[in-house]
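For reference, the structure is listed below as C-alpha cells.
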Number of protein chains: 2
Amino acid sequence: MKDLFYLTRAQIIKAMAHPSRLKMVTALADKELCVRELKAIVKADMSTVSKHLAIMKNAGIVQDRKKGLQVYYRLTCPCTATFLACIESFVKNQRSRFSKTSSLSRKLKPAKD
Amino acid sequence: MKDLFYLTRAQIIKAMAHPSRLKMVTALADKELCVRELKAIVKADMSTVSKHLAIMKNAGIVQDRKKGLQVYYRLTCPCTATFLACIESFVKNQRSRFSKTSSLSRKLKPAKD
DNA sequence: TGGCTATTTGGCTATATGGCCAAATACTCT
DNA sequence: AGAGTATTTGGCCATATAGCCAAATAGCCA
C-alpha cells in the first residue's frame, strides 16, 4: 500500500486531533455555526479559530458558506457522529484498563497543551 | 464541558494521526505483531518505531506483552475497525467534493512528511 | 557469567504546530 | 465612497513532534 494512502488518512485524523478542533466538530454535529459562535465555544482568539477552521476545511472535514458578513461552517461528512462514538469507546476501554497500566507508559511526559 | 474532556479525546486521536502509526494500527487490526515486524511494515528506524508504539501505548490504543525477547503489541480496543472504516468515509466524502474545493483551502501549505 | 538479540531510552537537530498581534480582505449599510 | 463588522492572513515566537544515532536495558542461551 502506498505511503500516500496513510498520509491522506493521517491528515484527516490530525485535523481533528486538537481539543479546540474536536470541540468544534462536536458542536457542528448538531448544526452549522458561524465563526463567531465557534469562537465563543472554544474561547480562543478569532484568528486562532479561523486557522483551526482552515485546517479542518483543508482536510475536508468541514465546508463553509458565506451568508452576509458571516461565514458558516458545517460538517462535510455524516459519519462524524460515528467517529465521535468510536473515540468514546477508546476512552471507555482506556479507563477500564487503567489500573494495570505498566510503569513504562507513564514515563512519557504528559502534554501540557 | 470541561477542557479535559476534549484534551483526553484529542490525545487518543493524535496518537493515530501519523502515517506510520496509522499503518501500524491497520496492521494490528489483523493480529498482534512484534516490534521487528512492525518495523518492517513501516520501514523506519527501530527506535522511531519504538517511540511511535510508546505514544500509542500511552494513549491506550495498544497494549504490549513480552514473549521471550520480543515484545508483542495488540490493539486495546475492538472498535478500531469501525474507526478505520469511518476514516474511509471521510476520504470518500472528501474526494466527491474535491472539484468544488474553494481556492482558499488550497492556500495551506501541504505537509512534506 | 558473557555474548547475543530485541527493544527502549536519552540526546540532539530539524521541522511542524499553535497562539497572539497587527494588518488585510470581504461584505453591508448609509 | 466611507464607516463598521466579520473573517482571514502574515509574521513572529514558544513549544511539540519526528527522526536519527548512540547507549542502556532485558531476556535468552552457551
Side-chain angles (χ1 to χ4, degrees), chain A residues 3 6-7 10-11 13-24 32-59 62-74 102-113, chain B residues 3 6-7 10-11 13-24 32-59 62-74 102-113:
Chain A
D3 277 356
Y6 293 98
L7 185 59
Q11 294 278 52
I13 299 170
K14 200 184 325 190
M16 292 192 275
H18 184 284
S20 298
R21 294 199 292 265
L22 190 58
K23 197 168 186 178
M24 289 195 269
E32 68 169 16
L33 297 164
C34 72
V35 184
R36 178 181 40 78
E37 290 169 318
L38 290 164
K39 169 180 151 68
I41 289 169
V42 301
K43 297 175 192 60
D45 190 89
M46 175 67 95
S47 68
T48 301
V49 173
S50 181
K51 278 177 186 174
H52 279 312
L53 287 166
I55 287 167
M56 293 199 286
K57 183 173 162 182
N58 192 239
V62 298
Q63 277 181 277
D64 60 345
R65 88 186 161 90
K66 210 141 200 197
K67 189 185 174 184
L69 281 181
Q70 286 105 22
V71 178
Y72 279 85
Y73 283 83
R74 65 178 177 287
S102 85
S103 62
L104 268 174
S105 51
R106 267 192 287 268
K107 281 188 191 160
L108 285 175
K109 254 188 303 190
K112 266 175 295 182
D113 181 22
Chain B
D3 278 355
Y6 292 98
L7 186 58
Q11 296 277 53
I13 300 170
K14 199 179 337 187
M16 293 192 274
H18 184 284
S20 300
R21 294 199 292 265
L22 190 57
K23 197 169 188 176
M24 291 195 269
E32 69 170 15
L33 297 164
C34 72
V35 183
R36 178 181 42 78
E37 292 170 315
L38 289 164
K39 169 182 152 68
I41 289 169
V42 302
K43 296 174 194 62
D45 191 88
M46 175 66 97
S47 69
T48 301
V49 172
S50 181
K51 278 177 187 176
H52 279 312
L53 287 166
I55 288 167
M56 293 199 287
K57 183 173 162 182
N58 192 240
V62 298
Q63 276 181 277
D64 60 345
R65 88 189 160 89
K66 208 137 201 205
K67 188 185 175 185
L69 280 181
Q70 286 104 19
V71 178
Y72 279 84
Y73 282 83
R74 64 178 178 288
S102 84
S103 62
L104 267 173
S105 51
R106 266 193 287 268
K107 280 189 193 160
L108 284 176
K109 254 189 303 190
K112 264 177 297 184
D113 180 21

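As a basis for the values below, the full set of heavy atoms in this structure was taken, side chains included, without hydrogen atoms, waters or symmetry mates. A note on names: the letters A, B, ... follow the listed sequences, proteins ahead of strands, and every chain is numbered from 1.
For Gln70(A), whose side chain is taken as the heavy atoms from C-beta onward, the closest listed nucleotide among dA18(D), dT7(C), dT7(D) is dT7(D). With dA18(D), dT8(C), dA6(D) as the choices, the nucleotide that has an atom nearest any side-chain atom of Val71(B) turns out to be dT8(C).
What separates CE of Met56(B) from P of dT17(D) is a distance of 15 Å, to the nearest Å. Nucleotide dT13(C) holds its P atom 18 Å from the CG atom of Asp45(B), rounded to whole Å. With rounding to whole Å, Glu37(A) atom CD is found 14 Å from dT7(D) atom C1'. The distance from atom CG of Asp64(B) to atom P of dG27(D) is 12 Å, rounded to the nearest whole Å. Rounded to whole angstrom, the span from the CE atom of Met16(B) across to the P atom of dT17(D) amounts to 16 Å. Look at CD on Gln11(B): it is 13 Å from P on dG18(C), rounded to the nearest Å. Across the protein-nucleic acid pair, Met24(B) atom CE and dA18(D) atom C1' stand 12 Å apart, rounded to whole Å. One can place NZ of Lys39(B) at 11 Å from P of dC21(D), the figure rounded to the nearest angstrom.
Between Ile41(A) and Lys23(A), some side-chain heavy-atom pair lies under the 4.5 Å cut-off. No side-chain heavy atom of Arg21(A) sits under 4.5 Å from any side-chain heavy atom of Met16(A). Between Met24(B) and Leu33(B) there is no side-chain heavy-atom pair separated by less than 4.5 Å.
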Could you go step by step and tell me if Arg65(A) and Arg74(A) meet the side chain to side chain contact (heavy atoms under 4.5 Å, CB included) rule? CA-CA 8 Å; Arg65(A) 88 186 161 90; Arg74(A) 65 178 177 287; 4.0 Å; yes

Which is it for His52(A) and His18(A) under the side chain to side chain contact (heavy atoms under 4.5 Å, CB included) test, yes or no, and what are the steps along the way? CA-CA 9 Å; His52(A) 279 312; His18(A) 184 284; 3.6 Å; yes

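Side-chain nitrogen and oxygen atoms of Tyr73(B) include at least one within less than 4.0 Å of the OP1 or OP2 phosphate oxygen of dT8(C). OP1 or OP2 of dT17(C) has at least one side-chain nitrogen or oxygen of Lys14(A) nearer than 4.0 Å. Here Thr48(B) does not reach the OP1 or OP2 of dG19(D): none of its side-chain N or O atoms lies under 4.0 Å away. For dA18(D), one of the phosphate oxygens OP1 or OP2 lies less than 4.0 angstrom from a side-chain nitrogen or oxygen of Arg21(B). Between His18(A) and dG19(C), a side-chain N or O to OP1/OP2 separation shorter than 4.0 Å is present. In this structure, His52(B) does not reach the dT17(D) phosphate: none of its side-chain N or O atoms is under 4.0 Å from OP1 or OP2.
Across all strands shown, Ser47(B) has heavy atoms under 4.0 Å from base atoms, whether or not it also approaches the sugar-phosphate. Counting non-hydrogen atoms under 4.0 angstrom, Tyr72(B) reaches nothing in the nucleic acid.
Donor-acceptor pairing under 3.5 Å, judged by distance alone, is present between the side chain of Lys51(A) and the base of dG11(D).
Residues Ser20(A) and Lys66(A) each lie close to DNA chain C; by heavy-atom proximity, the contact nearer the 5' end of the strand is made by Ser20(A). Looking at which nucleotide of DNA chain D each of Leu69(A) and Ser50(A) is closest to, the 5′-most match is held by Leu69(A).
Nucleotide dT17(D) is matched to dA14(C) when pairs are restricted to Watson-Crick or G-U wobble geometry with both distances under 3.5 angstrom.
Annotation: the span from Tyr72(B) atom OH to Asp64(B) atom CG amounts to 13.0 Å, rounded to 0.5 Å.
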